[in-house]
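Have a look at the structure below, then the notes.
Residue numbers start from 1 in every chain, and the chains themselves are labelled A, B, ... in the order their sequence lines are given, proteins ahead of strands. Since the structure is predicted, the reported quantities are computational estimates derived from the model, not experimental observations. The analysis underlying the following values was restricted to heavy atoms, covering all of them including side chains, and did not include hydrogens, waters or symmetry mates.
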Amino acid sequence: MPDVKRAVIAEDSVLLRIGLVKVLEMAGFEVAAEVGDAQALLAAVEEHRPGIAVVDVRMPPGFTDEGVRAALSIRQKWPATAVLLLSQYVEERYAADLLATNTSGVGYLLKQRVADVEEFIEGLRRVADGGTALDPQVVAQLLVRRSSDPLERLTGREREVLALMAEGRSNAGIAAQLVVSESAVAKHINSILAKLDLPKADADHRRVLAVLRFMGVAG
Amino acid sequence: MTVPPQLRRALVRLRRDILFLASGVLPHLAAPPLFLWALTQVVGILDGTSDAAPLVLPVPSALLAIAGYGLTEVQRWRFRALCGVDLPRLRFTQAKRQFGYNCLVGPLLGVLEVALFTLLVTGVAAATSLLWIWTVPPPERHVYVMSAVLATVLGLLAIAAVPPLAAGLVRLENLVGRAVLGVSRAEELERRVEDLTASRADAVAAADAERRRIERDLHDGAQQRLVSLALNLGLAKATLTDLPPEAREVIDAAHREAKDAIDELSTLVRGLHPAVLDELGLDAALSGLAARAPVPVRLRVDIPDDSPQRTSPAVEAVAYFVVSEALTNIAKHAREATRADVAVTRLGEILRVVIADDGVGGADPAKGTGLKGLAQRVRSVDGTFRMSSPVGGPTMMSVELPCPM
């Protein structure tokens, strides 16, 4: 069983790596390894079995999607290790690829979000605990894509709630963000689930399905 | 002894003219004998006077064909080496012009060249007649002295006439050579268009590559540094909680500014050339644009995956730039706009981009550098740019970019 508080960092920019180590340590993680490319990352994960891997998307040698591919194989080989991808720009396909395997314990944030240390730490903890953290910009981009399907039936407020669900927030988190009561959020969520014709199953599962449908990777 | 530069130049020119004309005599006079030989054989066949004629005829004909091509090459070499004039390499199919030069115009020029050299040789012979007179036995010598003096004067005059005559003949040959063997106006224009098309495509590609390089440099350098700076300021903000409020405020402001700088730089980098365009294509890059637009954008991209050819990077970059500029314009100017519609369709060899908004309209491509730059960039890949923006709206922009197969 991996140590939830153990972390591995893969980031080729040395400056950022140093900063990330500081942030992770501040959040109470123990950084077991910091590496600069995907291969070293896989080796480090195999050796340390961390609770979370923080991975840059663009890394040597190709500087394209090495990080995403490494993240996918981590999710496959060591499902207990959560993965938080950091990207310079939003690429929904990467996010969709990542979420298609398993929605728990994954995150996709823009690199610049690390500057908002407290919020970043919150996302980090959420992912390490098996939740999700999606960048608001990723979510916004997905909204543009899904414009001719059942999502069109949602009201503006319901879309906001769904977007926040996709970011990985709990009902309480959504309520705080939108400055409404938690029961109002629950009402919105029920309405969303109904409009998306999701099967009546347990609430958590339907919630995941709603997000997946929103992402366009399922249903 | 020093030669005055003017005289030296004249001598160099004379030497070149003489060489040029001398090298022309043989190639100019080579074709007619072959031609005559062939002609006599033809006459022989018609007359029935020569039994061997049908067998001999192919020989001069073949020699003529080979010589014709070879002679044209010799002429090209002459003009290039001695006059600095580049004649095009004529194709075998342009035999008419080669025949015209080698068999008709060329011989006439050859005759003029021979005449000039004859004049030169005679002139030299006459000018030196006072020397020759010593070969005549002394008793009769005085009889020829007067004629020898006259011959010398005439000979010197003839020699003096050679340089201007040679220069004139060189000019004439240049005129004739260029007219017969050179490129016609239409061909020249055709070549020019080909050249310009190629060099413009190169220029567009070079500008694209340059933008890409700058994007990478900014991405790997300044952007990473800024993120690191903002991160450190964020850390300071989160950890140094016991600072006096003034110091906290300063850190706060610095943190905010660093984040703004990251946003600004990201916008700039995306405007240059978004990396996502190279890595994941137009569709993905456009959805990023649409998501960041301040008004809701409905995006439809219909580029079949089985397109016979992938849209070229230059065209994709232009399409991206068009959508990016159009959405920026909508945000800036179309104040009443509540939504925008972007449709990108690949229709065979055409990539069509249509952007519409429900704003108040009245946009004029003649004003505003944004729209002008947009139209210019579309033209750089031979695309067409149309815009309709009546006062009161709606505004529609339609761009068609060629994607040659």
Side-chain angles (χ1 to χ4, degrees), chain A residues 11-27 56-58 60 62-66 68 86-97 110-121 135-148 152 156 159 163 216, chain B residues 215-216 218-221 223-239 254-267 269-270 274-281 283-301 339-342:
Chain A
E11 161 66 64
D12 61 302
S13 156
V14 181
L15 271 176
L16 261 179
R17 206 151 76 197
I18 297 169
L20 277 173
V21 172
K22 280 190 231 160
V23 174
L24 278 153
E25 279 171 353
M26 193 181 144
D56 183 10
V57 168
R58 213 146 95 148
F63 293 99
T64 52
D65 61 346
E66 287 78 8
V68 179
L86 295 181
S87 178
Q88 196 79 51
Y89 51 83
V90 180
E91 179 30 56
E92 74 217 41
R93 208 174 309 167
Y94 292 160
D97 279 355
L110 279 184
K111 232 178 207 181
Q112 66 215 56
R113 304 285 177 232
V114 296
D116 291 311
V117 176
E118 270 134 12
E119 254 180 78
F120 180 72
I121 288 177
D135 200 280
Q137 266 200 43
V138 179
V139 174
Q141 203 154 317
L142 289 162
L143 269 176
V144 175
R145 294 267 119 193
R146 319 259 76 80
S147 51
S148 58
E152 289 229 308
R159 278 165 160 259
Chain B
E215 181 267 325
R216 253 199 321 273
L218 284 175
H219 175 271
D220 295 341
Q223 233 168 359
Q224 307 282 351
R225 251 168 220 286
L226 271 178
V227 171
S228 165
L229 169 70
L231 168 58
N232 281 321
L233 286 168
L235 275 172
K237 202 173 118 181
T239 48
H255 185 230
R256 252 197 325 275
E257 264 173 56
K259 287 197 292 178
D260 287 350
I262 294 172
D263 283 343
E264 264 175 48
L265 191 63
S266 299
T267 311
V269 164
R270 268 196 304 269
V276 64
L277 190 56
D278 282 346
E279 285 162 28
L280 296 143
D283 194 353
L286 289 181
S287 56
L289 277 181
R292 281 186 299 272
V295 292
V297 175
R298 189 192 171 100
L299 173 71
R300 273 173 300 141
V301 179
R339 56 187 312 254
D341 210 291
V342 176

Please report the shortest heavy-atom distance between [X] and [Y], naming the atom on each side.
X	Y	answer
V227(B)	V114(A)	CG1-CG2, 3.9 Å
A238(B)	V117(A)	CB-CG1, 4.3 Å
H255(B)	A115(A)	NE2-O, 2.8 Å

With heavy-atom distances below 4.5 Å as the criterion, would you say the side chains of Q137(A) and R292(B) are in contact?
yes
Side-chain touch Q88(A)/Q224(B), heavy atoms, less than 4.5 angstrom
yes
Checking heavy atoms, do the side chain of R225(B), its backbone, both or neither come under 4.5 Å from chain A?
both
Value rounded to 0.5 Å, distance of [atom1] in [X] from [atom2] in [Y]:
X	Y	atom1	atom2	answer
R113(A)	L231(B)	CZ	CG	14.0 Å
K237(B)	D116(A)	NZ	CG	6.5 Å
N232(B)	L15(A)	CG	CG	8.5 Å

One pair to check against side chain to side chain contact (heavy atoms under 4.5 Å, CB included): I262(B) and K111(A). What are the steps and the verdict?
CA-CA 10 Å; I262(B) 294 172; K111(A) 232 178 207 181; over 6 Å; no
Proximity breakdown for R58(A) and chain B, heavy-atom pairs closer than 4.5 Å:
side chain
With a 4.5 angstrom heavy-atom cut-off, which part of I18(A) approaches chain B: side chain, backbone, both or neither?
neither
